[in-house]
Amino acid sequence: MKTLKYLAIQAVAATLFLGTPHSAAAQVSVSIGEPPVCPYGYYETPPYNCAPDGYYGPEWFTGGVFIGAGPWFHGPEHFYGHVDHKLDYRKGYKGPMPARGAAPAPNRAEFHGAAMHDPHGHEAPHGQK
């Protein structure tokens, strides 16, 4: 009788456990906010500092307006554009950097970069120009 009672309790517990749904609903929302307001664009990776004039090549601009980088990129798919590594703080550049909200200079710097990046800062595959 004791064994029968024990089995009955186990059966009820198993039914309750298996009969109860165990799914959990989760909703994740990420807001990236507005892009940085920089006169010559901003670097492609966090913290998205303003880039100095001449870091980005002309293909990063449409009608003088920066097409964006990182999460705010709004250019063509599979895009790679020229950048000048000499003006990249991640590669040792220590020169002047524009402040967010600064106005561009009346005359733009001449571009001299040869590296190619995608909108997220990745180098172009070997041989892609």
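Positions are given from 1 along the sequence. Atoms considered below: every heavy atom in the structure, side chains included; atoms not considered: hydrogens, waters and symmetry mates. As the structure is a computational prediction, the values presented were derived from the model and not from experiment.
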For residues 105-114, dump all side-chain donor-acceptor pairs below 3.5 Å to protein atoms at least two apart in sequence or in another chain.
| residue | atom | partner | partner atom | Å |
| --- | --- | --- | --- | --- |
| Arg108 | NE | Asp53 | OD1 | 2.8 |
| Arg108 | NH2 | Asp53 | OD1 | 2.8 |

Listing, residues 59-71 side-chain donor-acceptor contacts under 3.5 Å, not counting sequence neighbours, or none:
| residue | atom | partner | partner atom | Å |
| --- | --- | --- | --- | --- |
| Glu59 | OE2 | His82 | N | 2.5 |
| Glu59 | OE2 | His82 | ND1 | 2.6 |
| Trp60 | NE1 | His82 | O | 3.0 |

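Side-chain atoms of His117 and Tyr43, non-hydrogen and from C-beta on, never get closer than 4.5 Å to each other. Using a 4.5 Å heavy-atom cutoff, the side chains of Met116 and His122 are not in contact. At a threshold of 4.5 Å between non-hydrogen side-chain atoms, the residues Met97 and Tyr89 count as touching. No side-chain heavy atom of Tyr48 sits under 4.5 Å from any side-chain heavy atom of Pro35. At a threshold of 4.5 Å between non-hydrogen side-chain atoms, the residues Tyr56 and Val83 count as touching. You'll find the side chain of Pro125 reaches within 4.5 Å of the side chain of Tyr80, heavy atoms only.
The salt bridge (Lys or Arg N to Asp or Glu O under 4.0 Å) search around Asp88 returns Arg90, not counting sequence neighbours.
Rounding to the nearest 0.5 angstrom, the gap separating the CZ atom in Phe73 from the CD atom in Glu44 is 11.0 Å.
Not one N or O on the side chain of His120 forms a donor-acceptor pair closer than 3.5 Å with the backbone of Asp118.
The minimum heavy-atom distance linking Asp84 with Gly54 is given by the pair CB-O, 3.5 Å. Pairing each heavy atom of Arg100 with each of Cys38, the nearest pair is CG-SG, 4.2 Å. Across all their heavy atoms, Pro39 and Ala103 have their closest contact at CB-C, 3.9 Å.
Note: Tyr40 and Tyr55 fail the aromatic proximity criterion, with ring centroids not under 6.0 Å apart.
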